[in-house]
Amino acid sequence: MAADAKISRESLAARDAADPLAGFRARFDLPDGVIYLDGNSLGALPRSAAPRLARVVADEWGRDLIRAWNSRDWMGLPQKVGDKIGRLIGAAPGQVVAADSTSVNLFKLLAAALQLNPGRRVILTEDSNFPTDLYVAQGLVRLLGGRAELRRVAGDRIIEALDEDVAVVTLTQVSYASGAVHDMAAVTRAAQNKAALVLWDLSHSAGALPVDLDGCGADLAVGCGYKYLNGGPGAPAYLYVARRHQDTIDPVLAGWMGHADPFAFDGEYRPAPGITRQLCGTPPVLALAALEEGVDLMLDADMGALRAKSMALTDLFIALVEQECRGFGIAIAGPREAARRGSQVSLRHAQGYAIMQALIANGVIGDFRAPDLMRFGFAPLYLRHTDVWDAVASLRRIMETGAWDAPEFKTRSAVT
Ligand SMILES: *Cc1c(COP(=O)(O)O)cnc(C)c1O
C-alpha cells in the first residue's frame with residue numbers, strides 16, 4: 001500500500017477473509033453490538049468455560065466430593081495448568097505453577113531473589129512499572145528494614161543503573177500504560193553480567209507475543225491469568241522459577257501445599273522439591289478449571305501468526321486514527337514501531353475519560369488510565385480488521401459531534 005493511499009473498509013474485509021486465525025472468534029462468547037478492545041484487562045469468555053465449570057461443579061464436586069482431590073487430581077491442577085502456561089512463555093515443564101495472584105507471586109519471588117543473591121540489597125525497577133509491582137516491592141522493603149532497598153529509574157536507564165548492589169531487576173516486559181516492550185534477552189544478559197537476577201512480569205506478554213524464558217536464561221517470572229489468557233475475572237496468576245534456582249529457595253510464604261508431605265501433618269516446614277514449594281494454600285479448583293479452558297484455547301493458536309496479526313491490528317489502528325481523527329487533539333502514546341509494542345495502543349487526550357465513556361456507550365469497549373490515557377487492547381484471537389475500522393469510525397463520530405461532552409460521561413466509576 002502506498003504511504004498516502006486511503007485505507008478502505010472493503011480492503012479490511014478482504015484481510016479478514018484471508019486471516020488464518022479467523023476461526024478462533026467463534027470459540028468465544030461475545031455479546032452482539034460490542035467491539036471489545038479490553039482483552040488486555042479482562043479477556044473474553046471462551047465458549048468452553050461455562051460447560052467445563054458446570055461439569056466440575058456437578059460431576060467432580062457434586063459426585064466425588066472430597067474424593068475428587070485424588071480421583072480428579074485436583075491436587076495436580078496448579079502444576080498441570082502451570083506447565084500449559086509454560087508452553088506459551090517458553091518454559092519447559094516443571095518450572096511454572098498457576099497459583100495466587102500476580103501481586104502475591106511478586107512478593108514471593110522478590111523475597112526469593114534477595115535470598116538467592118545474599119550480600120546484595122537493591123531491587124531495581126522502573127518508575128513507570130505497574131503500581132502493584134511497585135507497592136509490593138515497597139512493602140517487602142519495609143518488612144526487611146535495612147536489609148533491602150528499592151531503586152527506581154526511568155525505563156531506558158535500567159542497564160546503566162546496574163551495579164554490584166543490585167540483587168534483582170524486576171520489570172514488566174510490556175508496559176500496561178504505553179504498550180512499550182522491553183528486550184527480555186538484552187536486559188536479562190546485562191543483569192546477569194553484573195551478577196543480578198531478573199524477575200519478569202509477563203501480565204501483558206503471555207498470550208500476546210512470543211516469550212522465551214528458558215531461551216533468554218531468565219531467572220524468575222510472574223504473570224496474570226485473566227488478561228490475554230482469558231482465564232476469567234480474578235483468575236489464578238502464575239509464577240516461573242528456573243529449575244537451577246528452585247531448590248535453593250526457602251519460601252517466605254511457607255504454606256502446607258508447598259510442604260514436602262502436606263498430609264503428614266508434620267509440625268515443621270520442609271519444602272517440597274522443585275516448583276511445588278512455591279505453592280502456599282489450597283488450589284482454587286473452579287478458577288483453575290476456567291483458566292485451563294482459556295489456556296487450552298490459546299495453545300491451539302500459532303504464536304507466530306498471533307503476533308503477526310497483533311502487529312497488523314495495532315498498526316492499522318494507529319494508521320486509521322491518523323487518517324480519520326486528525327485535528328481532534330488526540331496523540332498516539334507509546335512506540336510507533338510494531339516490533340517495540342505489545343498488543344495495545346494508548347491514545348492521549350485531556351478529556352480521555354469522557355471520550356472513553358462515550359465510546360463504551362457506543363459499544364466500543366476500551367479503558368482509561370489516569371491521567372489521560374485511553375487504552376485499546378487488540379486480542380488477535382477474537383478481533384477482526386473491520387472491528388478496528390468500526391471502532392475508529394465511532395471515535396471519529398464522537399469527536400466530530402462532541403458527544404463525549406455530556407455530564408453522564410464525566411462521573412468517574414471505581415474501575416476506569
Ligand atoms: C494486571 C497486572 C497485575 C495484576 O495483579 P493482581 O495481583 O492480579 O491484581 C500485576 N502486574 C501487572 C504488570 C499487571 O499488568
Side-chain angles (χ1 to χ4, degrees), residues 12-60 77 80-89 98 202-211 223-236 238 285-314 316 342-344 363-366 376-391:
L12 299 179
R15 282 167 78 177
D16 286 333
D19 173 6
L21 299 175
F24 281 93
R25 183 175 169 85
R27 295 174 65 181
F28 290 90
D29 195 351
L30 294 161
D32 289 334
V34 162
I35 298 174
Y36 193 57
L37 304 183
D38 218 354
N40 53 316
S41 205
L42 174 65
L45 170 63
R47 281 196 194 280
S48 64
R52 169 80 184 275
L53 285 172
R55 284 196 308 277
V56 176
V57 170
D59 302 346
E60 301 187 12
L77 273 175
K80 179 183 170 210
V81 177
D83 280 347
K84 288 183 176 186
I85 294 170
R87 288 162 56 193
L88 298 171
I89 55 177
L202 303 178
S203 290
H204 290 277
S205 308
L209 43 80
V211 177
C224 184
Y226 50 79
K227 293 172 178 160
Y228 295 100
L229 299 186
N230 305 310
Y238 55 89
V285 172
L286 300 179
L288 282 166
L291 173 60
E292 189 173 17
E293 293 304 314
V295 171
D296 279 345
L297 205 171
M298 181 69 65
L299 282 169
D300 285 345
D302 175 72
M303 197 48 77
L306 188 138
R307 175 62 171 155
K309 184 174 173 189
S310 158
M311 295 198 292
L313 292 174
T314 52
L316 174 63
S343 210
Q344 70 171 71
V364 177
I365 302 181
F376 299 87
F378 298 86
L381 292 189
Y382 48 83
L383 283 175
R384 299 166 295 204
H385 298 78
T386 44
D387 293 325
V388 180
W389 173 279
D390 294 339

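Computation of the quantities below employed the complete heavy-atom set of this structure, encompassing side-chain atoms and omitting hydrogens, waters and symmetry-equivalent molecules. The shown structure was predicted, so the numbers you read here are calculated from the model rather than taken from an experiment. Starting from 1, each residue takes its place in the sequence as its number.
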**Study point:** Basic-acidic side-chain contact under 4.0 Å: Arg384, Asp19
**Key:** no

Point to revise | Asp387/Arg25 salt bridge by N-O under 4.0 Å criterion | key: yes

Point to revise | Sole candidate of Val81, Leu286, Asp296 that passes side-chain contact (heavy atoms from CB on, under 4.5 Å) when paired with Leu291 | key: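 Passing option: Val81.
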
If you look at every heavy atom in [X] and [Y], which pair is closest and at what distance?
X	Y	result
Phe378	Thr314	CD1-CG2, 3.7 Å
Ser310	Gly342	OG-O, 4.3 Å
Ala301	Leu381	CB-CD2, 3.8 Å
Val211	Ser205	CG2-CB, 3.9 Å
Ala44	Asn230	N-OD1, 3.3 Å
Gly231	Ala290	O-CB, 3.8 Å

Heavy atoms, side chains only, cut-off 4.5 Å: are [X] and [Y] in contact?
X	Y	value
Lys227	Asn40	no
Leu297	Arg47	no
Leu316	Leu12	yes
Leu209	Ser343	no

Exercise for review: Test Asp300 against every option in Lys84, Arg87, Arg27 by the salt bridge (Lys or Arg N to Asp or Glu O under 4.0 Å) rule and name the one that passes.
Suggested key: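 Checked Lys84, Arg87, Arg27 against Asp300; only one passes salt bridge (Lys or Arg N to Asp or Glu O under 4.0 Å): Arg27.
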
Rounded distance [0.5 Å steps], [atom1] in [X] versus [atom2] in [Y]:
X	Y	atom1	atom2	result
Leu202	Ile89	CG	CD1	5.5 Å
Asp302	Arg307	CG	CZ	13.5 Å
Leu88	Met303	CG	CE	5.0 Å
Leu383	Leu21	CG	CG	11.5 Å
Ile85	Glu292	CD1	CD	9.5 Å
Met311	Leu306	CE	CG	10.5 Å

**Study point:** Under 3.5 Å: donor-acceptor pair, side chain of Asp390, backbone of Ile35
**Key:**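 Side chain of Asp390 to backbone of Ile35: no pair is present.
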
Check your understanding: Looking at residues at least two apart in the chain, or sitting in another chain, which of them share a ring pair (Phe, Tyr, Trp, His ring centres under 6.0 Å) with Tyr382?
Key -> Phe28

